[in-house]
Amino acid sequence: MRPEGLSRFTRQSSQQGVAEQAEIKLTFEDNRLASLVFGQYDQNIAHLERRLNVVANANGNHVILKGAPERTDQARKVLEKLYLRVQANETLTPGDVDGVIQETAMQGTLFPVAEGGGASSSFQEIGTRKKRVRARNAAQHAYLGLLKSRELVFAEGPAGTGKTWLAVGHAVQLLEQGAVERLVLSRPAVEAGERLGFLPGDMKEKVDPYLRPIYDALYDFMEARHVERGLQTGMIEIAPLAFMRGRTLTNAVVLLDEAQNTTTMQMKMFLTRLGEGSRMIVTGDPTQIDLPPGQKSGLIEAVRILDGVEGIGRVTFADADVVRHDLVRRIVTAYEDDLRASLEPRT
């Protein structure tokens with residue numbers, strides 16, 4: 001990859017004054033890899049234009065970037081990082097483009113300075129035999145760092161921020177590395193604002209619908225045959241929260257998802273299951289509590305009570321950290337704005 005024209009600048013006049021404009025031309029050595037960087041129908045290029053407010057024209061293995069100098073330089077860094085990823089046989093999505101944009105924006109501020117004087121330029125990552133993923137924003141970067149360094153981690157925030165997905169990926173990674181012997185994944189069986197009545201089948205068939213998001217994450221990070229074998233041997237256990245009572249879980253990664261729907265006593269019961277050599281991860285969204293009116297959320301209470309306790313980490317995701325889809329981010333933001341407006345005193 002040969003960046004060209006890095007010092008080529010022009011000036012354009014406007015009514016507000018003189019705006020400096022830069023033009024950068026990048027040439028990638030491999031046409032096939034360049035097309036993967038640009039995306040199908042140049043969707044990654046279009047996404048880069050919207051996010052950084054630059055003009056990017058791709059042609060073959062060339063791309064010309066135009067815009068404010070700092071923006072065009074950031075766009076160059078983004079494209080160069082994306083090219084390195086496709087060289088490593090990684091697939092790219094618009095979400096990955098967002099992640100690299102965040103990386104480049106935070107170079108020198110988020111990342112520590114290395115011994116050689118340069119700043120690290122990569123977010124934290126996790127890798128299993130099936131999939132390797134990087135954090136896509138500063139909150140996910142901090143989250144993965146806490147998962148590696150703390151025995152108990154609380155993660156709060158709206159849907160779509162990767163709380164559960166990254167926690168399952170980290171758990172699978174520890175299992176494959178031999179750092180733990182099993183995974184214990186749990187959720188409270190609370191219905192989200194609707195009454196389902198009596199479900200047919202045995203215990204597993206009754207609770208599986210509540211635990212489906214955890215299954216989905218497992219299949220993302222593990223081959224299906226390995227998931228099935230783990231479930232059969234007990235190396236992977238997926239159970240409702242009620243089945244945690246009376247147990248001590250050693251040498252395991254224990255994940256409690258949708259923790260906002262636990263009661264204070266349920267949360268205390270769960271947290272005291274932690275045994276030697278184990279890690280515990282608690283995730284939830286305090287804005288989506290499905291408990292009966294007047295019932296306190298165990299997640300909110302636990303975060304308050306355990307604030308400052310050594311060995312416990314906490315990360316809070318915001319609506320800006322949603323990584324599922326741009327539209328999901330806008331939906332979450334709209335709801336948050338409406339909630340804030342309803343809480344403001346009326347004059």
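Along the sequence shown, the residues carry numbers beginning at 1.
Without hydrogens or angle criteria, T263 side chain to G298 main chain gives no donor-acceptor distance under 3.5 Å. Under a 3.5 Å cut-off, the side chain of E181 and the backbone N or O of N251 do not form any donor-acceptor pair. Judged purely by atom type and a 3.5 angstrom limit, T233 uses its side chain to pair as donor or acceptor with the backbone of R229. When atom types are taken as modelled, the side chain of Q124 and the backbone of H141 share no donor-acceptor pair closer than 3.5 angstrom. Using modelled atom types, one side-chain atom of Q140 and one backbone atom of T161 make a donor-acceptor pair closer than 3.5 Å. Looking at R279, its side chain does come within 3.5 Å of a backbone N or O of L147 through a donor-acceptor pair. T72 contributes no side-chain N or O that, together with a main-chain N or O of I24, makes up a donor-acceptor pair within less than 3.5 Å. Remark: side-chain polar atoms of T283 are not paired, donor with acceptor, to backbone N or O of T164 under 3.5 angstrom. Between the side chain of R273 and the backbone N or O of M269, at least one donor-acceptor pair lies under 3.5 Å. N59 contributes no side-chain N or O that, together with a main-chain N or O of H62, makes up a donor-acceptor pair within less than 3.5 Å.
Using a 4.5 Å cut-off on side-chain heavy atoms (C-beta onward), N61 and T27 make contact. At a threshold of 4.5 Å between non-hydrogen side-chain atoms, the residues Q266 and M244 do not count as touching. Looking only at side-chain heavy atoms (C-beta outward), K163 and V315 stay at 4.5 Å or farther from each other. Residues L65 and K25 are not in side-chain contact: their nearest non-hydrogen atoms beyond the backbone lie 4.5 Å or more apart. Residues L218 and I238 form a side-chain contact, since some pair of their non-hydrogen atoms from C-beta on lies under 4.5 Å apart. A 4.5 Å side-chain heavy-atom check between M280 and V153 finds every atom pair outside the cut-off. Side-chain contact between V37 and I45 is absent, with no heavy atoms from C-beta onward closer than 4.5 Å. Between V168 and L183 there is no side-chain heavy-atom pair separated by less than 4.5 Å.
Annotation for R129: atom CZ does not count as buried by contact number, only 12 or fewer foreign heavy atoms lying within 6.0 Å. By the 6.0 Å contact criterion, CG on D337 is enclosed, its count of non-hydrogen atoms from other residues, nucleotides or ligands being greater than 12. In E276, the CD atom is not crowded: 12 or fewer heavy atoms of neighbouring residues, nucleotides or ligands sit closer than 6.0 Å. Residue K66 places its NZ atom among 12 or fewer non-hydrogen atoms of other residues, nucleotides or ligands, all under 6.0 Å distant.
Every residue two or more places apart in sequence or in another chain that forms a side-chain hydrogen bond (donor to acceptor under 3.5 Å, both in side chains) with R134 is listed here: E90, E125. Judged as a side-chain hydrogen bond (donor to acceptor under 3.5 Å, both in side chains), and not counting sequence neighbours, Y335 has no contacts.
Using cut-offs of 30° and 60° on the angle between ring planes, the pair Y143 and F317 is perpendicular. In this pair, F28 and F38 present their aromatic rings perpendicular. The plane angle is above 60°, beyond the 30 to 60° band.
Among all heavy-atom pairs drawn from A75 and V54, the shortest one is CB-CG2, 4.4 Å. Shortest non-hydrogen contact noted between A252 and V184 is CB-CG2, 4.4 Å. Closest approach of V322 and A159 over heavy atoms only: CG2-O, 3.7 Å. Closest non-hydrogen pair, S186 versus I214, comes out as O-CD1, 3.9 Å.
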- Task: Would you check, one step at a time, whether the test side-chain contact (heavy atoms from CB on, under 4.5 Å) holds for R182 with L249?
- Result: CA-CA 10 Å; R182 57 182 171 149; L249 303 169; 3.9 Å; yes
- Message: Assess the residue pair L175 and V253 against the criterion (side-chain contact (heavy atoms from CB on, under 4.5 Å)); give the C-alpha distance rounded to whole Å, side-chain angles, the decisive distance to 0.1 Å, and a yes or no.
- Response: CA-CA 8 Å; L175 183 66; V253 178; over 6 Å; no
- Task: Evaluate the criterion side-chain contact (heavy atoms from CB on, under 4.5 Å) for residue pair F221 and R132; output intermediate values, then yes/no.
- Result: CA-CA 8 Å; F221 286 100; R132 178 169 293 276; over 6 Å; no
- Begin from the C-alpha positions of V303 and D307 and carry the test side-chain contact (heavy atoms from CB on, under 4.5 Å) through to its verdict. CA-CA 6 Å; V303 167; D307 184 38; 5.9 Å; no
- Message: Please evaluate residues R71 and E49 with respect to the criterion salt bridge (Lys or Arg N to Asp or Glu O under 4.0 Å), reporting the C-alpha separation (whole Å), side-chain torsions for both, the decisive distance (0.1 Å), and the verdict.
- Response: CA-CA 10 Å; R71 292 289 188 170; E49 287 183 313; over 6 Å; no
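Between the side chains of E228 and Y219, at least one donor-acceptor pair of N or O atoms lies under 3.5 Å. Between the side chains of T104 and Q74, a donor-acceptor pair is found at a separation under 3.5 Å. E258 and Q260 share a side-chain donor-acceptor pair at under 3.5 Å.
Within the structure, ring-ring contact (aromatic ring centres under 6.0 Å, His included) contacts touching residues 258-307 (residues at least two apart or in different chains) do not occur.
Ion pairing between E80 and K77 fails under the 4.0 Å rule for side-chain N and carboxylate O. Classification of E103 and R85 as a salt-bridged pair holds, one side-chain N sitting under 4.0 Å from a carboxylate O.
If you run salt bridge (Lys or Arg N to Asp or Glu O under 4.0 Å) between R136 and each of D96, D321, D98, only D96 comes through.
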